[in-house]
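First comes the structure, then the notes that go with it.
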Amino acid sequence: MELFRRRKSSIVLLALALTGIVLLLYHTHSKVVVEAEAEEQREYLAIINQLNRNQQKSLKMRLLEKSIKKPEIVVVQDRTPQETVSAPAPSVAAQNSRYVHSSMKLGLALKTQHTSNQTAIVEAIKHAWSAYTKYAWGADEVKPVSMTSFTPSYGLGMTLIDCLDTLWLVGLQDEFDEAREWVANSLDIEGNTKRVSLFETNIRVLGGLLGAYHLSLDNLFLDKAVELARHLLPAFDTPSGVPSPIVNLKYGLKTSSGQRGIRPLSVAEAGTLQLEFRDVSKASGDSSFQTACDKDMNVLLEQGRGSMMPSMINPSSGRLHATGFSVGAGIDSYYEYLLKQWIQSGKTESKFVTAYTSSVKDIASHLVGHSLPSNLAFIGRANTRGTFPSGWMDHLSCFYPGMLALGLMNGLHPEQRPLASDLTQTCYTAYSKTPSGLAPEIFHFNMQEGGDDFVMRGVQSTDLSNILRPETVESLFYQYRLTKDSRYRDWGWKIFQAFEKHTRIETGGYSGVFSVLNTNKKQDKMESFFISETLKYLFLLFSDDPDVLKLDEWVLNTEAHPFPVWKL
Ligand code: DMJ
């Protein structure tokens with residue numbers, strides 16, 4: 001009996017001790033979790049404090065939703081990266097909370113204090129957006145003069161999605177929220193049977209959804225981005241892995257006759273998919289997008305042998321076509337994405353920077369010409385033998401000095417600095433020399449004794465149009481970030497005023513013009529890139545806040561959508 005009583009009390013004592021240990025362990029664990037939570041909270045607050053009031057409201061709501069849906073968002077230390085990813089998740093976005101966290105830590109530093117120039121640019125954004133909302137809501141693009149929408153269309157609300165991150169960035173929260181509702185309730189990717197350009201859909205729509213996701217941290221945008229990327233993926237189903245340029249969102253590469261519609265495409269089309277496809281893989285944890293675009297990129301790098309490239313490639317053979325060389329239409333953003341993929345990778349993937357640096361050296365030796373009488377530097381076109389450039393350059397090529405400036409910021413090829421500065425000057429002069437102050441689509445340079453630097457008479461009439469393109473103001477933005485030289489702002493302001501004077505439509509929106517010599521005849525089209533790029537770059541050019549889209553933390557795709565640089 002006594003023995004039994006003693007045993008009983010030892011059991012009770014043991015049970016008490018065990019409970020104590022369990023309680024102690026639980027308490028210690030909770031403390032770790034609570035401390036981690038507190039740390040997270042502090043980070044959230046630091047970020048939230050930098051936002052304007054509407055953005056604060058919106059982000060707080062979303063963080064609240066996140067913490068309700070995903071209490072396991074707490075990052076527990078001393079585990080491998082994979083194990084820190086939240087467990088059960090309602091959406092792909094939630095599967096990679098670590099990436100969400102790191103993008104938040106990159107600092108969404110968006111202050112409300114706009115400079116007076118920025119206020120004017122925000123007013124222009126509102127005016128442009130108003131035409132889209134009144135006359136073309138949910139359509140791809142607006143015709144501001146006839147006050148209707150532009151057809152044919154991809155059925156993807158292209159302008160709306162292309163503009164989301166600009167609306168967020170400049171603080172137009174009500175407009176952003178309204179557009180978000182359209183994406184949530186009306187964007188139908190699953191049921192879309194349209195044939196779309198892989199390139200345009202990628203840079204404007206996929207890029208737009210990803211940019212909106214990274215700034216707002218709203219999982220809706222990542223979910224839609226993943227859905228869209230899945231519907232674009234069949235384009236890569238070719239013998240070489242280089243994609244076909246047109247894809248049906250529902251039926252992939254199959255044509256109505258049951259054939260697979262594989263066609264040649266430009267190197268720019270094949271080489272301007274990677275920032276977006278790599279980003280969507282990183283953000284969602286689904287590597288299939290990155291695998292496809294890396295295979296495509298490896299073919300391009302192999303074919304180009306890390307040097308200047310012609311501008312066409314065949315996805316059936318994976319071989320380049322012998323066309324001429326330039327940095328304009330058909331090739332432009334291929335070079336841009338060499339540099340930007342290296343930056344996106346946290347400067348770890350050296351194959352990109354190797355190809356980039358040797359390309360810019362070749363371009364400087366083979367494609368640069370000078371006009372007479374003012375000796376303006378330009379990048380022309382060379383024939384297949386790479387002989388002296390022709391005396392014309394398209395407006396698209398004006399992204400090039402901005403790209404060089406970004407390379408310079410990253411310590412690349414300091415010897416290219418004068419060329420970057422000279423080309424920026426040339427692109428600005430293409431604006432300042434016309435009666436309207438708007439640059440034409442194609443610049444023809446005089447290379448003979450006598451006459452002006454820019455030839456305007458006797459050229460094809462389409463060369464004189466202006467479709468609200470961004471490349472020159474894009475380069476002004478990068479040059480300003482590099483040098484802080486106020487003349488870039490002065491030039492940007494003059495260009496902005498010319499857009500205001502000659503392309504603004506009183507009833508809402510802005511329209512391209514048929515001729516920069518006489519701007520009365522309007523094209524009746526507002527390209528989605530006018531808000532997403534041209535006005536965004538102008539807004540950023542006048543930002544005095546050093547934390548807005550810091551270029552060592554963010555990389556902008558070719559449509560100016562911001563993606564975080566990977567922190568490895
Ligand atoms: C934009 O869609 C992108 O900048 C693209 O890289 C080139 N064309 C337009 C703007 O001109």
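As a basis for the values below, the full set of heavy atoms in this structure was taken, side chains included, without hydrogen atoms, waters or symmetry mates. Remember, it's 1-based here, ligands and their atoms both numbered in the order they're listed.
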With a 4.0 Å cut-off on heavy atoms, is Glu336 touching ligand 1?
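No.
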When only distance counts, is [X] in polar contact with ligand 1, meaning an N/O pair under 3.5 Å?
X	answer
Asp332	no
Ser333	no
Glu533	yes

What residue and atom, counting heavy atoms only, is the protein's closest point to [atom], and at what distance?
atom	result
atom 10 (C) of ligand 1	Glu471 OE2, 3.1 Å
atom 2 (O) of ligand 1	Glu559 OE1, 2.6 Å
atom 6 (O) of ligand 1	Thr558 OG1, 2.7 Å

Considering only heavy atoms of Pro470, which atoms of ligand 1 have at least one such atom less than 4.0 Å away?
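This gives 10 (C), 11 (O) as the contact atoms.
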Distance under 4.0 Å to a non-hydrogen atom of Leu396: what atoms of ligand 1 satisfy this?
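It comes down to these atoms of ligand 1: 7 (C), 8 (N), 11 (O).
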Using a 4.0 Å heavy-atom threshold (strictly under), name the region of Ile203 that reaches ligand 1: side chain, backbone, both or neither.
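The part of Ile203 near ligand 1 is the side chain, not the backbone.
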Is it true that [X] and [Y] have a side-chain N and a carboxylate O under 4.0 angstrom from each other?
X	Y	result
Arg504	Glu123	yes
Glu269	Arg263	no
Glu527	Arg469	no
Arg487	Asp485	yes
Arg204	Glu141	yes
Lys224	Asp218	no

Any cation-pi pair here, Lys143 with Phe150, using under 6.0 Å and within 45°?
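Checked: cation-pi criterion not met.
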